[in-house]
Amino acid sequence: MSGTERTAYRTCPLCEATCGLELRVVDERVTRIRGDRDDVFSHGYVCPKGSTLRQLHEDPDRLRRPLVRRDGELVEVSWDEAFAEVERLLAPLLAEHGRDVVATYLGNPNSHNLAGTLYLKPLLRALGSRNVFSASTVDQRPKELANAWLFGGSLTLALPDLDRTDLLLILGANPYASNGSLATAPDWPGRIEAIRERGGKVVVVDPRRSRTAEEADVHLAIRPGTDALLLAAVVTTLAETDRIDAGPAGEWVRGIAEVVEALAPFTAEAVAASVGIGADQIRELARDLADAPRAVAYGRIGTTTAEFGTLASWLVDVVNVVTGNLDRPGGAMFNRAAAASSNTRGAPRFGRGIRVGRHQSRVRGLAESLGELPVSCLAEEIDTPGEGQVRALVTVAGNPVLSTPNSGRLDAALGLLDCYVAVDIYLNETTRHADVVLPPPSALQKVHYDVVFNQLAIRNVANWSPAVLPLDDGQPDEWQILAKLALIAQGLGAGADPALVDDLVASTLAQQAVADEHGPVHGRTAEELLEGVAPRTGPARLVDLLVRTGPYGDAFGARTDDVAPGVPPLSLDVLEARPHGVDLGPMAPRLPDVLRTPSGLVELDAEPFLADLPRLLAALDRPVPDAVLVGRRDLRSNNSWMHNVEVLVKGRPRCTLHVHPTDAERWGLVDGELATLSGRVGSLEAPVEVTDGVRPGVVSLPHGWGHDLPGSRLGVAGRHAGVNSNVVADERLVDELSGNAVLNGIPVTVSPAGTGSPVAGAARAPVPA
Ligand SMILES: Nc1nc2c(c(=O)[nH]1)N[C@H]1C(S)=C(S)[C@@H](COP(=O)(O)OP(=O)(O)OC[C@H]3O[C@@H](n4cnc5c(=O)[nH]c(N)nc54)[C@H](O)[C@@H]3O)O[C@H]1N2
Ligand SMILES: Nc1nc2c(c(=O)[nH]1)N[C@H]1C(S)=C(S)[C@@H](COP(=O)(O)OP(=O)(O)OC[C@H]3O[C@@H](n4cnc5c(=O)[nH]c(N)nc54)[C@H](O)[C@@H]3O)O[C@H]1N2
Ligand code: SF4
Ligand SMILES: [Mo]
């Protein structure tokens with residue numbers, strides 16, 4: 001007999017593009033997923049990954065029961081037993097060695113997920129350790145720090161106004177593969193094509209001729225790691241030709257003249273050899289940026305996971321400022337998110353500034369930033385004996401054995417831990433080391449709201465997703481797992497009720513909202529707000545609180561006028577009634593009110609930037625390594641964790657080493673055969689793909705592969721293993737200003753496999769068919 005049939009809507013949580021999905025559900029089984037044509041932001045766009053939420057949900061390898069290590073083997077246990085085991089292992093270590101004995105590593109999916117965005121803070125507070133690590137320091141930490149120093153908030157980001165610009169300069173990003181990052185926009189490819197269709201121009205700076213470079217008007221094949229030099233020379237060229245003009249935004253920017261003067265040594269001629277781009281081309285780029293009615297520079301992974309990542313991130317905005325493009329339509333603009341943004345709370349133009357280095361890592365003395373230590377020093381904190389050694393680890397949604405530098409060392413270090421608790425849906429290269437694995441439900445079983453990515457979106461939107469499918473019997477929600485861990489860390493025991501944590505988070509949010517003198521509910525009581533959101537609990541209650549006290553919120557009755565055409569003041573009720581989301585309009589100028597710096601201005605001349613310039617200057621005269629390694633992304637892949645989905649990994653192997661024909665010839669490499677790639681910390685073998693799509697002297701290998709390690713439970717991925725590029729990534733190479741890992745521009749040597757020095761501990765790749 002025919003059962004129930006319904007249509008559900010949900011935002012895709014897999015990448016930053018936040019596409020709306022339409023799901024057909026028959027008898028509580030998802031039968032089809034396609035783009036939601038009525039989604040206010042994505043208008044039906046999806047990539048091949050979006051529809052795989054079903055495969056991820058149904059994947060037999062996805063963990064559904066907690067695992068505990070007994071006599072060396074991970075075995076399924078009840079949830080109560082699993083939490084009791086966490087307490088049994090963790091409590092004595094905390095009691096004996098203090099809080100710093102436990103490290104945490106928080107992976108990328110946390111920012112795509114309400115448990116990660118709203119319930120990790122109480123967990124970290126309960127653990128009370130300074131050893132907090134995350135994927136941010138193999139990613140965007142340089143940009144976050146640049147934002148914090150420039151604008152007063154790490155997520156106060158000058159976003160490329162893609163839909164109105166006439167010239168888009170993309171450095172170190174390949175949105176045709178990644179769908180965009182730190183600039184949320186469904187269908188980046190369509191938006192790029194629209195720029196060209198309206199007569200605009202797209203310039204891509206990338207050592208590879210990426211798909212995005214192929215679609216651009218101009219491709220500048222830069223030498224890896226030198227974007228800061230290129231951008232500095234653009235500014236200096238503009239100064240030499242008397243074309244520095246910050247426009248109206250200049251009124252709110254401090255130190256333009258000082259910055260221009262500090263960059264004077266970086267002329268187009270001075271940097272040309274180092275960046276590998278002719279001085280004429282650099283001057284032409286500067287001229288194009290100044291001539292375009294509306295232009296914007298945008299930098300991503302290639303610019304941040306680099307030796308001068310923070311300077312490059314800063315210089316992207318220096319270019320936007322000196323060409324008059326900051327805060328104007330078609331330039332680099334600030335959005336106004338509906339929830340949780342620090343730049344819509346507190347007093348405009350008032351901030352305390354950020355301090356980095358409030359503490360240092362124990363072994364290498366790397367500086368803390370934004371409450372974390374660089375993940376490049378996680379392994380040494382575990383494997384170096386002495387006072388303060390890390391003996392316990394909690395990972396949440398992370399796979400650092402594949403995603404962080406010198407992963408061979410980290411892999412070995414994880415075997416030394418006395419206690420490792422993993423919150424993850426898979427037993428992968430990292431979590432296979434765990435003593436306890438706590439699997440959250442699948443994405444389809446969780447509610448969703450993009451707390452983070454709405455703050456990075458090029459349009460102001462808000463969208464609530466109810467859970468598509470119910471929880472399995474006995475399955476706690478992910479926030480409840482994190483809350484339980486917090487209670488255990490707090491000493492309240494494995495039996496404590498996660499609702500305690502939920503109530504605490506909710507009342508803290510309510511108290512903060514009523515205490516904000518500039519907020520819409522100032523002076524009212526937290527109790528009134530909490531009554532207003534009752535009887536909701538969990539993430540839904542928190543999102544309701546955040547949205548209602550946000551810049552478009554109903555302020556619990558105080559705001560009544562529409563906040564956008566046809567959109568009443570927001571609450572979760574309002575969002576629930578609009579499954580395709582609400583459109584709150586394009587970005588509008590926000591200077592100076594968006595600023596939270598001590599001076600109340602854009603601090604273009606902030607001391608950390610200027611103090612780092614001598615290091616950049618010294619890079620000008622350095623010898624160039626024979627070969628450097630860069631990464632790349634593929635549309636059908638997502639970091640390390642979606643290789644267990646057959647439809648995404650079938651076909652030609654994608655984990656290949658791209659080598660330029662002239663390099664292949666001089667190194668004696670043959671297309672389709674294995675090459676040995678060696679760096680200071682390790683070696684690997686990977687199949688060669690000869691292509692003129694990379695610059696000579698540059699080889700490219702994607703990260704997130706290497707699924708052939710014993711003990712993981714990834715059947716499909718294991719058959720498409722690939723190799724782990726981070727085996728050769730050197731953990732000592734960091735951007736000194738931020739501690740962020742250098743993952744692009746790693747010096748390597750390349751030779752045919754089976755020749756030269758024997759490979760110690762090599763990760764092996766299967767030979768492609
Ligand atoms: N060489 C090199 N290395 C890189 C990069 C590079 O460009 N080159 N990129 C870096 C970047 S930008 C990033 S962001 C990092 C990513 O590094 P990580 O965050 O460490 O790794 P991911 O591959 O994203 O792994 C995500 C994990 O989360 C699990 N997971 C998925 N969904 C959920 C969920 O809803 N809840 C929970 N609890 N778990 C879930 C998956 O099973 C997987 O184990 O890699 C970095 N590493
Ligand atoms: N399909 C897919 N989408 C993803 C992900 C994924 O793994 N797969 N990961 C997500 C995550 S976590 C992130 S952070 C984003 C990243 O999003 P993007 O930054 O767009 O990532 P990539 O596609 O790796 O593009 C980086 C580009 O930088 C180039 N590059 C390398 N070194 C340099 C350099 O020194 N200078 C310059 N100018 N360019 C350089 C590389 O050749 C590459 O083309 O993507 C997200 N989206
Ligand atoms: S582009 Fe990103 S958000 Fe959109 S469907 Fe693909 S993975 Fe999902
Ligand atoms: Mo990332």
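In each ligand, atom 1 is the first atom listed, and ligand 1 is the first ligand listed.
Those atoms of ligand 3 with a heavy atom of G50 less than 4.0 angstrom away are 5 (S). Each of the following atoms of ligand 2 lies closer than 4.0 Å to a heavy atom of D634: 1 (N), 2 (C), 8 (N). For ligand 3, the atoms closer than 4.0 angstrom to any heavy atom of N179 are 1 (S). Interface atoms of ligand 3 facing K49, defined by a heavy-atom separation under 4.0 Å, are 7 (S). For ligand 3, the atoms closer than 4.0 angstrom to any heavy atom of T18 are 3 (S). Remark: ligand 2 atoms within the under-4.0 Å shell around heavy atoms of D227 are 34 (C), 35 (O), 36 (N), 37 (C), 38 (N). Ligand-side atoms of ligand 3 in range of L14: 7 (S), range being under 4.0 angstrom from any heavy atom.
Taking the centre of each ring, H720 and H707 stay at or above the 6.0 Å mark. Taking the six-membered ring for Trp, W188 and Y45 have ring centres at least 6.0 Å apart.
Between S134 and E372, the side chains place a donor N or O and an acceptor N or O closer than 3.5 Å (distance only, hydrogens not considered).
Other residues, nucleotides and ligands contribute only 12 or fewer heavy atoms inside 6.0 Å of the CZ atom of R732.
Considering backbone and side-chain atoms alike, L171 places every N or O at 3.5 Å or more from each N or O of ligand 2. At least one N/O-N/O distance between S178 and ligand 2 falls below 3.5 Å. Considering both main-chain and side-chain atoms, V630 never comes within under 3.5 Å of ligand 2 through any nitrogen or oxygen pair. Considering backbone and side-chain atoms alike, I222 places every N or O at 3.5 Å or more from each N or O of ligand 2. Polar contact check, R632 against ligand 2: no nitrogen or oxygen pair lies under 3.5 Å apart.
Both the backbone and the side chain of N638 come within 4.0 Å of ligand 2, judged by heavy-atom distances. Contacts between S181 and ligand 2 below 4.0 angstrom, taking non-hydrogen atoms only, involve the side chain exclusively. Residue contacts with ligand 2 for N744 involve side-chain atoms from C-beta outward but no N, CA, C or O (heavy atoms, distance under 4.0 Å).
Residue C47: no N/O/S atom is found under 2.8 Å from atom 8 (Fe) of ligand 3.
The nearest protein atom to atom 5 (C) of ligand 2, hydrogens excluded, is given as R633 NE, 3.2 Å; this is a heavy-atom distance. The protein non-hydrogen atom at the shortest distance from atom 40 (C) of ligand 2 is P207 CD, 3.2 Å.
Pairing each heavy atom of Y298 with each of A173, the nearest pair is CE2-CB, 3.7 Å.
For H703, the heavy-atom gap to ligand 2 stays at 4.0 angstrom or more. Heavy-atom separations between G745 and ligand 2 are all 4.0 Å or longer.
One finds a salt bridge joining D317 and K143 here, because a Lys/Arg side-chain nitrogen approaches an Asp/Glu carboxylate oxygen to under 4.0 Å. Taking the charged nitrogens against the carboxylate oxygens, R209 and D692 do have a contact shorter than 4.0 Å, which makes a salt bridge. Comment: D206 does not engage R300 in a salt bridge, judged by the lack of any side-chain N to carboxylate O separation of less than 4.0 angstrom.
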